[in-house]
Amino acid sequence: MFEFATLEGAMACFSQVGFIGQSNCIFFATTHQTTSAWGFAGGFVDGMNKAQSGRAWAGYLINVNENGFGVLPLDRTNHKLKILIDDLSPRYDEFTFIPYQQLTEVRIKKIGLGNSYKHVIVKMANAPQYDWAVHTVEKLLPYHEQNFASFCEFYGKK
């Protein structure tokens, strides 16, 4: 079983970087890739830009609490073509803390026609923005759906 499969495991991951609050909203995200306007080439360029800004991890475990946003990148333990949640491992040395004072905007947009994916954009003063794709339901993470729904209620439209 992978480290963040349960809420207790996810809390233990954030505990290792000292980012546990009184009220924790933990969910999983991947890097959002832009391919619609420019096709494959646009997606490649977008991916290269994210890699250069240090934002091209396979996934992220995000904890939003009263202190701000804690972003724990997840790296692949094997390099299969498809990224699977249970093949990801936290990169504690790459943890990022975003205090609320540094946030300029948090926006949530639908991806596609359904409601199963959301695009979360987190903009900060004097730093590159985070672009995440979040699946509203992650079957391997029982805490994800309720926490992400709470995040959406607070920061935007569902």
Side-chain angles (χ1 to χ4, degrees), residues 2-4 7 9-38 40-76 83 85 87-112 115-138 141 143-158:
F2 54 103
E3 292 176 71
F4 54 95
L7 182 57
M11 294 287 282
C13 289
F14 282 104
S15 176
Q16 288 194 38
V17 292
F19 194 75
I20 296 293
Q22 296 297 315
S23 176
N24 299 283
C25 180
I26 300 174
F27 60 92
F28 170 77
T30 59
T31 301
H32 178 71
Q33 298 295 325
T34 306
T35 57
S36 58
W38 299 95
F40 175 77
F44 179 75
V45 170
D46 184 54
M48 291 300 294
N49 289 339
K50 285 181 174 64
Q52 289 175 350
S53 68
R55 304 269 169 84
W57 296 98
Y60 300 88
L61 203 55
I62 297 136
N63 184 3
V64 181
N65 62 32
E66 66 275 5
N67 301 311
F69 282 52
V71 181
L72 187 57
L74 303 170
D75 203 3
R76 300 167 106 171
I83 297 172
I85 290 176
D87 288 337
L88 300 176
S89 179
R91 286 292 308 265
Y92 298 109
D93 59 325
E94 297 288 341
F95 172 77
T96 302
F97 167 61
I98 307 168
Y100 286 112
Q101 298 85 350
Q102 200 176 17
L103 289 176
T104 59
E105 181 180 11
V106 177
R107 195 171 20 157
I108 302 168
K109 299 172 11 177
K110 288 192 320 184
I111 298 176
N115 279 330
S116 63
Y117 282 96
K118 304 283 186 193
H119 179 193
V120 177
I121 302 161
V122 176
K123 292 184 179 181
M124 298 163 289
N126 303 317
Q129 73 183 26
Y130 279 99
D131 288 297
W132 294 315
V134 181
H135 193 271
T136 55
V137 177
E138 290 291 351
L141 304 174
Y143 57 89
H144 172 86
E145 184 176 359
Q146 180 180 353
N147 284 347
F148 186 63
S150 295
F151 177 83
C152 287
E153 275 182 38
F154 190 80
Y155 282 104
K157 298 181 260 179
K158 281 184 151 186

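Note that the structure is a prediction, hence the values are computed from the model and not measured. Every heavy atom of this structure was used, including side-chain atoms; hydrogens, water molecules and symmetry mates were not.
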Inset, instruction - Identify the residue among Tyr117, Phe148, Phe27 that makes a ring-ring contact (aromatic ring centres under 6.0 Å, His included) with His135. - result: Tyr117
Counterpart residues, side chain to side chain contact (heavy atoms under 4.5 Å, CB included), relative to [X] (two or more places apart):
X: Ala12; value: none
X: Gln22; value: Glu66
X: Ala10; value: Phe4, Ile26, Leu61, Tyr143

Inset, instruction - Check salt bridge (Lys or Arg N to Asp or Glu O under 4.0 Å) between Lys123 and all other residues, then give those that pass, not counting sequence neighbours. - result: Glu105
Beyond-backbone contact of [X] with [Y], side-chain heavy atoms, under 4.5 angstrom:
X: Phe2; Y: Ile85; answer: yes
X: Phe151; Y: Val134; answer: no
X: Asp75; Y: Ser89; answer: no
X: Lys118; Y: Lys110; answer: yes

For [X], which residues count as a ring pair (Phe, Tyr, Trp, His ring centres under 6.0 Å) partner, sequence neighbours excluded?
X: Phe28; answer: none
X: Phe97; answer: Phe19
X: Phe154; answer: none

Nearest 0.5 angstrom please: [X] [atom1] to [Y] [atom2], how far?
X: Arg107; Y: Ile121; atom1: CZ; atom2: CD1; value: 4.0 Å
X: Tyr60; Y: Thr31; atom1: OH; atom2: OG1; value: 3.5 Å
X: Glu3; Y: Leu74; atom1: CD; atom2: CG; value: 9.0 Å
X: Asn67; Y: Ile98; atom1: CG; atom2: CD1; value: 13.0 Å

So, using side chain to side chain donor-acceptor pair (under 3.5 Å) as the criterion, who are the partners of [X] when residues are at least two apart?
X: Asn24; result: Asn63, Asn65
X: Arg76; result: none
X: Asn126; result: none

Legend entry - Aromatic plane relationship, Trp132 with Phe69 - under 30° parallel, 30 to 60° tilted, over 60° perpendicular: parallel
Could you pull out the closest heavy-atom pair between [X] and [Y], with the gap in Å?
X: Arg91; Y: Leu72; answer: O-CD1, 3.7 Å
X: Ala29; Y: Ile62; answer: CB-CD1, 3.6 Å
X: Ile111; Y: Ala133; answer: CD1-CB, 4.2 Å
X: His144; Y: Thr136; answer: CD2-O, 3.7 Å

Legend entry - Test item: Ser15 side-chain N/O and Met11 main-chain N/O as donor-acceptor pair under 3.5 Å: no
Legend entry - Atom CD of Gln16: over 12 foreign heavy atoms under 6.0 Å: yes
